[in-house]
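Single-structure report; data block below.
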Amino acid sequence: MSETVRVRFAPSPTGDLHLGNVRTALYNWLFARHMKGAFILRVEDTDKERSTPEHCENLMDIMTWLGLKWDEGPRVGGPHEPYLQSQRTELYEYHLVRLKERGLVYPCYCTEEELDLERKRQMGRGHMPKYGGKCKKLTPDEVKKLDADGKTSVLRFAVPPGEIVMQDEVRGEVTFPDDQLGDFVLTRSDKSPTYNFTVVVDDALMKVTHVIRGEDHLSNTPKQILLYEALGFTPPKWAHLSIIKGPDGQKLSKRHGETSVESYKAKGYLPDAFLNYLALLGWAPKSGEILSLDQMAAEFDLTHVGKSGAIFDPVKLHWMGSQYLVKMSLDDLTRAVLPYLADAQLFTREQARARFDWLKQVVDVVRTSMGCFSDVTKETFFFFSDELHFEPAQSEEMKGQKTLMEAFHKAFNGISEFNGDNFLQAVKEVGKIAGVKGKALYHPLRLALTGREDGPELVRIAPLLGKAEVLKRLMIWTVDDVKTIK
RNA sequence: GGCCCCAUCGUCUAACGGUUAGGACGGAAGGUUCUCAAUCUUUUAAUCGGGGUUCGAUUCCCCGUGGGGCUACCA
């Protein structure tokens, strides 16, 4: 007898997909999969100012990339088409008429200035700003006259008195006191319906059973509940997810840096890794933190979703990314990383074709320190370019290493087969002769070869660099006037 | 200002009203590679404050404090 679960993700295509929305989509998807229900994608493209078809396509592309397939929606269709709000206007009109017939709607001719003034007055008096219902008192004759005068109007919903108690799946009971809600707008002066009206109509018509969305919608819910009742629909179950916050505890926004999936895709995070991290922001699986989408779906449970807001932590995301990267085959990883090297003009595709095995080894050497594909460039820079950059302090340090560098040069030059073992052997010998060991020995050598203070083992790096290149990089520091070295 | 929501290590979080308050990220230390990184091991650190209820509160209730969200003819 239990109805099949139907959930929806209903973004507005006004730009890139925000992290918080991705998590909302993910939780909806997980819940649908777990309950063997339907996941609906509905595009709320009624904001004429900001919605574009391009954004809409991009939205679906990115959802596809993430692997969050929808059972009903644009591109795939479904029993409740269309799934673009902009194509559903007759439906809203139809249900608006139903509301009118019940006398729950009235026109309002108040100007923006009047409303602003009223709002300010109310706030000054310490009240919640709400529409006072001035135009509700208009007589039919007055309305007729105002219309005849060509006055523009909006349609408002006559909010009935009474407190509203709702049951939230993650928050429990939430009560909204009586007399806090003003008569809100259903259609604008251009006759277009507002959000609170369209969601209700759409969700009801699409038979959505659970509305899982961001906490920022919590205060819209009483309005929507009222509309469900006015239209004679059964309200769905509600679940309001906490907001994802930036490092300063405020709602995550552009000024916190990267907030869109697109930017993480561009950085080369694996979708599964990305979703895995996001899933953990507000939900804790029973065993282990690394889970595939299927594993998450198997375990997912709304009652175990946290109520408090979570701060997005790029450091842990990086760690999560690395967990997925090490699972990739070296061949796949190398191929995945190549576009980033090409973009950075470090290694062309032609070069890669000719030296794929070599490239694989390079990637293999740095893979453990990568969280996403684009990390490859900063980790492998010195393999492709000998234009190493040295800080003034580093240059200064290297200038004092002339004798050591000469010794290395001589020793390496004598190696016939330039492999890791022989390289290590030579380094040790130089150390013994020069009476230098440990950090004093390796640090200058590392700096000379890679221009960096950290990185993979030199034993692995040197053979990949090749004898000639190693000698060349040492040579720089053996000349007298090293001031010219950049 | 008003309404609503939230509150456990720095961060993400776990804990039928009974645990030495657990795990993960990060940090620190150590082993290993004669160096950093990686890796392995160990370790660090928390129940916002005050009242109740109870034999017993992280857990339930109230107040305070703090944080967040919403306050549109955006969604």
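Note that these values count all heavy atoms, side chains included, but never hydrogens, waters or copies made by symmetry. Each chain gets a letter, A, B and so on, in the order its sequence line appears, and its residues count up from 1.
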* To do: Would you indicate what A:Arg446 reaches in the nucleic acid, counting non-hydrogen atoms under 4.0 angstrom: base, sugar-phosphate, or nothing?
  => base
* To do: Kindly check if the number of other-residue, nucleotide or ligand heavy atoms within 6.0 Å of NZ (A:Lys130) is above 12?
  => yes
* Between A:Glu112 and A:Arg119, is there a salt bridge with N-O shorter than 4.0 Å? -> no
* Asked: Taking atom P of B:rC9 as reference, at what distance in whole Å does atom NZ of A:Lys316 sit?
  -> 15 Å
* Under the side-chain contact (heavy atoms from CB on, under 4.5 Å) rule, what do A:Leu278 and A:Met320 come out as? Steps first, then yes or no, please. => CA-CA 10 Å; A:Leu278 245 33; A:Met320 184 63 83; over 6 Å; no
* Looking only at atom P, what distance separates B:rG49 and B:rA7, rounded to whole Å? -> 15 Å
* Can you figure out which of B:rU35, B:rA75, B:rC73 approaches the side chain of A:Tyr442 most closely? => B:rU35
* Asked: Nearest of B:rA14, B:rA75, B:rC34 to any side-chain atom of A:Ala284?
  -> B:rA14
* For the side chain of A:Thr194, counting heavy atoms from C-beta on, which of B:rC25, B:rC5, B:rA75 is nearest? -> B:rA75
* Side-chain N or O of A:Lys307 less than 4.0 angstrom from OP1 or OP2 on B:rG68? -> no
* Asked: Nearest to the side chain of A:Arg119 - B:rC73, B:rC4, B:rU35?
  -> B:rC73
* Asked: With respect to the phosphate group of B:rA75, does any side-chain polar atom (N or O) of A:Thr46 fall under 4.0 Å of OP1 or OP2?
  -> yes
* To do: Looking only at side-chain atoms of A:Ile243, point me to the closest of B:rC73, B:rG68, B:rC34.
  => B:rG68
* Which whole number of Å gives the distance between the C1' atom of B:rA45 and that of B:rG10? -> 9 Å
* To do: Looking at every strand, decide which applies to A:Gly455 at a 4.0 Å heavy-atom threshold: base, sugar-phosphate, or nothing.
  => base
* Structure fact -> Picking from B:rG1, B:rC12, B:rC73, the nucleotide nearest the side-chain atoms of A:Met123 would be B:rG1
* Between B:rG26, B:rG68, B:rA7, which nucleotide gets closest to the side-chain atoms of A:Ser308? -> B:rA7
* Distance test, side-chain N/O of A:Arg452 to OP1/OP2 of B:rC36, below 4.0 Å -> no
* Structure fact -> Looking only at B:rG1, B:rA24, B:rA38, the nucleotide nearest the A:Pro129 side chain is B:rG1
* To do: Give a yes or no on whether a salt bridge exists between A:Glu44 and A:Arg42, defined as a side-chain N under 4.0 angstrom from a carboxylate O.
  => yes
